[in-house]
Number of protein chains: 2
Amino acid sequence: MNSAFTIAVHSLVFLASLPDRMASSEEIANQVFTHPARVRKIMSCLRNEGYVKTKEGIGGGYIFECEPGAVTLGNIYRSISCNALKLHWCSNEASETCLVSTHIQDVMNHIFNEAENHFIAYLDHITIESILHKIKVKQVF
Amino acid sequence: MNSAFTIAVHSLVFLASLPDRMASSEEIANQVFTHPARVRKIMSCLRNEGYVKTKEGIGGGYIFECEPGAVTLGNIYRSISCNALKLHWCSNEASETCLVSTHIQDVMNHIFNEAENHFIAYLDHITIESILHKIKVKQVF
DNA sequence: GATTACTGTAATAATAAAGGACACAGTTTA
DNA sequence: TAAACTGTGTCCTTTATTATTACAGTAATC
C-alpha cells in the first residue's frame with residue numbers, strides 16, 4: 001500500500017479542522033510533509049468524488065465540500081487506493097498439466113477481493129470527523 | 001503487499017497435493033513460476049513456524065508437517081507478510097505547533113493495525129485444504 | 001488588462017522496494 | 001567421495017513510488 005491513502009486522510013483531517021476557509025496545496029503539503037504537486041494530484045481525486053471543493057486563482061485552494069462526519073476512510077480508500085492490496089504477481093504461463101497452477105490464480109484473486117472487502121468494511125466505520133475529534137481531545141486511543 | 005504470501009500459499013497447496021513425498025525447491029519453483037532460491041527462502045520461514053518439514057541432501061526437499069486443514073491463510077500471512085499493509089510513510093518532523101500533525105501518526109498506526117486484523121480474521125477462515133479441495137473439484141468459486 | 005496567487009496536469013528525475021540470479025557452505029544419501 | 005539437495009547472503013536488474021520541475025489555465029485584485 002502506498003502512502004496516498006494516508007496523505008489523503010491527513011489532508012482531509014486538516015481541512016476538517018479549518019471549516020471556514022480554504023487551504024492552499026502548499027499549506028496542506030507543509031502539514032502532510034509532502035510536495036504541493038502531490039497534494040494537488042490527490043486532492044483532484046477527492047474533488048472528483050465530491051469530498052472537497054477546489055478553487056483556482058488568488059485566495060483559492062481546498063475546502064471540505066460535505067460533512068466530515070459523512071466521509072469514511074472506506075470512501076477515501078475506494079477513491080484513492082482500491083486494489084492496493086491485490087497481488088500484482090501474476091503468471092499466465094501456467095502449465096496446463098497441473099490443476100493447481102491453472103486455478104490458483106482465480107482462487108487467490110477471489111480471496112484477495114474478499115479480504116479487501118473486510119479491510120474496507122472496517123475503514124467504513126471511521127469518519128474524518130471521528131479522527132479529528134479523537135485528536136482534539138488528545139485522547140489518541 | 002508483495003508476492004511472498006501468494007507464493008507461500010501456492011507452494012503449500014502444491015505440497016498438500018503431494019502428501020506422500022518430498023518436493024524439491026526446483027519442482028516447487030516450476031509450479032509457482034519463481035526461482036528455487038526464492039522458494040527456499042520462503043519455505044525456510046514456513047519451516048520455522050512448523051508448517052513444513054525440510055530435508056537437505058539427496059532425496060530431500062519439502063513436505064507438509066501438519067494437517068493442511070489446520071493451516072489457515074491467516075497463519076501464513078502472519079509468518080510471511082505481517083505488517084505488509086502498514087504504511088511505510090512516516091515523518092517525525094511534525095511541527096509541534098499543530099495538534100493534527102503531531103497525533104495523526106498514532107491515529108493512523110492504530111487504524112492500520114485494526115484494519116489489518118480484520119483482513120487477517122478473514123484469512124483465518126480459509127485453510128490450505130479448503131483451497132486444494134476447491135481446485136480439485138474444479139469448482140473454483 | 002496586467003499582475004499575482006492559485007490549481008491542474010504532465011513529464012522527468014531521484015529514490016526505494018521487489019525480485020531474479022548466482023554463489024557457496026553445509027547436509028544427507030549412496 | 002560424489003551427487004543432490006537446503007540455507008543463506010549478496011549483487012544486479014527491474015519496477016514502483018515519490019519528489020521536482022514546468023507550464024498552461026483560472027480567478028481576484030490593482
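Throughout, a chain's letter reflects where its sequence line sits, starting with A, and its residues are numbered from 1. Computed from a predicted structure; not experimentally measured.
- Of all nucleotides listed (dC6(C), dT18(D), dT6(D)), dC6(C) comes nearest to the side chain of Glu56(A).
- Rounded to a whole Å, the CD1 atom of Ile28(A) is 12 Å from the C1' atom of dC6(C).
- The one candidate from Leu46(A), Val32(A), Thr34(A), Ile76(A) that meets the side chain to side chain contact (heavy atoms under 4.5 Å, CB included) condition with Ser11(A) is Val32(A).
- We find that CZ of Phe5(A) is positioned 16 Å from P of dT17(D), with the value rounded to whole Å.
- One finds no side-chain N or O of Arg40(A) lying less than 4.0 angstrom from the OP1 or OP2 phosphate oxygen of dG8(C).
- In this model, the phosphate group of dT7(C) is not approached by any side-chain N or O of Arg47(A) to a distance below 4.0 Å at OP1 or OP2.
- Nucleic acid contact class of Ala37(A) (heavy atoms, under 4.0 Å, all strands): base.
- Between Ser3(B) and the phosphate of dG19(C), there is a side-chain N or O to OP1/OP2 separation shorter than 4.0 Å.
- Of the candidates dT18(D), dC5(D), dA10(C), dA10(C) carries the atom nearest the Lys41(A) side chain, counting heavy atoms from C-beta on.
- Its side chain within the 4.5 Å cluster rule, Ile63(B) clusters with Met22(B) among the Ile, Leu, Val, Met, Phe, Trp and Tyr residues.
- To the nearest angstrom, P of dT7(C) lies 14 Å from CD1 of Ile42(A).
- Computed from coordinates, the Arg38(B) CZ to dG7(D) P distance equals 17 Å when rounded to whole Å.
- Following rounding to the nearest Å, Met22(B) (CE) and dT28(C) (C1') show an atom-to-atom distance of 12 Å.
- Classification of Lys134(A) and Asp106(B) as a salt-bridged pair fails, no side-chain N sitting under 4.0 Å from a carboxylate O.
- Rounded to a whole Å, the CD atom of Glu27(B) is 10 Å from the P atom of dT6(D).
- Side-chain N/O atoms of Ser44(A) include one lying less than 4.0 angstrom from OP1 or OP2 on dT9(C).
- Ranked by how close their nearest DNA chain C nucleotide is to the 5' end, Thr54(A) and Ala4(B) are led by Thr54(A).
- Rounded to a whole Å, the CD atom of Glu26(A) is 8 Å from the P atom of dC6(C).
- Dashed line: the shortest gap from a side-chain N or O of Ser25(A) to OP1 or OP2 of dC6(C) is not under 4.0 Å.
- Its side chain outside the 4.5 Å cluster rule for every partner, Ile58(B) clusters with none of the Ile, Leu, Val, Met, Phe, Trp and Tyr residues.
- In this structure, Ile58(A) places its CD1 atom 13 Å from C1' of dT7(C), rounding to the nearest Å.
- Sequence order on DNA chain D of the closest nucleotides to Lys55(A) and Gly61(B) puts Gly61(B) first from the 5' end.
- Counting only heavy atoms from C-beta outward, the side chains of Glu49(B) and Asn75(B) never approach each other to under 4.5 Å.
- Between Thr34(A) and dA19(D) there is a side-chain polar atom (N or O) within less than 4.0 angstrom of OP1 or OP2.
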